[in-house]
Amino acid sequence: AAQAIGSPEAATHPPFRKLGPSSAMALHLPRRGSNASANAVKLDPSEDVLQLSGHPLDSLFKPESIAVIGATDRVGSVGRTLLKNLISNPFGGAVFPVNPKRDHVLGITSFKSLAACPKRVDVAVIITPAATVPALVQECVDNRVKHAIIISAGFREVGPE
C-alpha cells in the first residue's frame with residue numbers, strides 16, 4: 001500500500017525518515033553495495049520542490065537568534081530603538097544585546113562579545129562606528145554567524161573612495 005511521505009505510517013517504515021521537529025519526511029534510498037544508513041540519498045536543491053530541506057535564507061528571514069552589537073540604553077540611539085523593537089515584538093527567537101561596556105541593556109543581560117552569547121547567533125546586527133565594523137565582521141566569521149546587517153555611518157571618512 002502506498003503511504004504519503006508526511007503520513008504517521010511513513011514514520012515507522014523504512015526507507016522513510018523524519019527530518020526534524022516538523023512532520024516533514026524524506027525518502028532515503030540506499031546506494032548499491034554500501035551501508036544504507038550511512039549513505040542516504042540527499043536531495044539536490046533544484047529537485048527539492050517541496051523544500052523539505054529548508055531554504056538557505058531561512059536563517060536570515062526566520063532566525064532563531066539575533067545579536068544586537070552596539071545595543072545601548074541611550075535614549076534616541078539606533079541600538080536602543082532596534083533592541084526595544086525586537087523585544088517588544090517577539091519573533092520567536094532569542095535576542096542577545098552585545099556591548100562590552102555594559103552588563104545590562106534595557107534590563108536584559110548584555111554580553112561582552114559574540115563568543116560570550118549562550119547560543120549560536122544566526123543574525124548579527126552591527127550598530128557601531130564605522131572604524132569598529134571590520135573587526136566585528138571578523139568576529140562574526142570567527143563565531144560562524146550566518147548573516148550580518150551593518151547599520152553604521154562614517155565609511156566615507158574612513159578611507160579613500
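Linking ILVMFWY side-chain heavy atoms closer than 4.5 Å, directly or via other members, places Phe91 and Val121 in two distinct hydrophobic clusters. Hydrophobic cluster membership differs between Ile69 and Leu60, with clusters built from Ile, Leu, Val, Met, Phe, Trp and Tyr side chains linked at under 4.5 angstrom. Residues Val105 and Val78 fall within the same hydrophobic cluster, defined by Ile, Leu, Val, Met, Phe, Trp and Tyr side chains chained together at heavy-atom separations under 4.5 Å. Linking Ile, Leu, Val, Met, Phe, Trp and Tyr residues whenever their side-chain heavy atoms come within less than 4.5 Å leaves Val125 and Leu136 in two separate clusters. Note on Leu106 and Val98: separate hydrophobic clusters, where clusters join Ile, Leu, Val, Met, Phe, Trp and Tyr whose side-chain heavy atoms are under 4.5 Å apart, directly or indirectly.
Taken to the nearest 0.5 Å, the CD atom of Glu64 stands 7.5 Å off from the NZ atom of Lys146. From Leu57, atom CG reaches atom NZ of Lys62 across 10.5 Å, with rounding to the nearest 0.5 Å. Taking CD1 of Ile151 as the start and OG1 of Thr81 as the end, the distance is 10.0 Å to the nearest 0.5 Å. Here the straight-line distance linking atom CZ of Arg120 with atom CZ of Phe96 works out to 12.5 Å at 0.5 Å rounding. Atom SG in Cys117 sits 8.0 Å away from atom CG in Asn143 (nearest 0.5 Å).
The minimum heavy-atom distance linking Lys112 with Lys101 is given by the pair NZ-C, 4.4 Å. Minimum interatomic distance between Ser59 and Asp122 (heavy atoms only, all atoms of both residues): O-CB, 3.7 Å. In terms of heavy atoms, Ala71 sits closest to Asn99 at O-ND2, 2.7 Å. Minimum heavy-atom separation, Cys140 to Ala124: SG-CB, 3.7 Å. In this structure, Thr72 and Arg80 approach most closely via the heavy-atom pair O-CB, 3.2 Å. Considering every non-hydrogen atom in both Val123 and Pro63, the closest pair reads CG2-CB, 3.9 Å.
The backbone N or O of Ala130 sits less than 3.5 Å from a side-chain atom of Ser152, completing a donor-acceptor pair. A donor-acceptor pair under 3.5 Å is formed between the side chain of Thr132 and the backbone N or O of Pro129. For the pair Glu139 (side chain) and Leu114 (backbone), a donor-acceptor distance under 3.5 Å is present.
Here the side chains of Pro118 and Phe111 are in contact, with some heavy-atom distance below 4.5 Å. At least one side-chain heavy atom of Val68 sits under 4.5 Å from a side-chain heavy atom of Leu86.
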When you look at Ile108 and Val95, which way does the side-chain contact (heavy atoms from CB on, under 4.5 Å) test go after all the steps?
CA-CA 9 Å; Ile108 303 170; Val95 179; 5.8 Å; no
Test side-chain contact (heavy atoms from CB on, under 4.5 Å) on Thr109 and Asp103 and set out the steps.
CA-CA 6 Å; Thr109 300; Asp103 292 330; over 6 Å; no
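A salt bridge does not link Asp73 with Lys84: none of the charged nitrogens is closer than 4.0 Å to a carboxylate oxygen.
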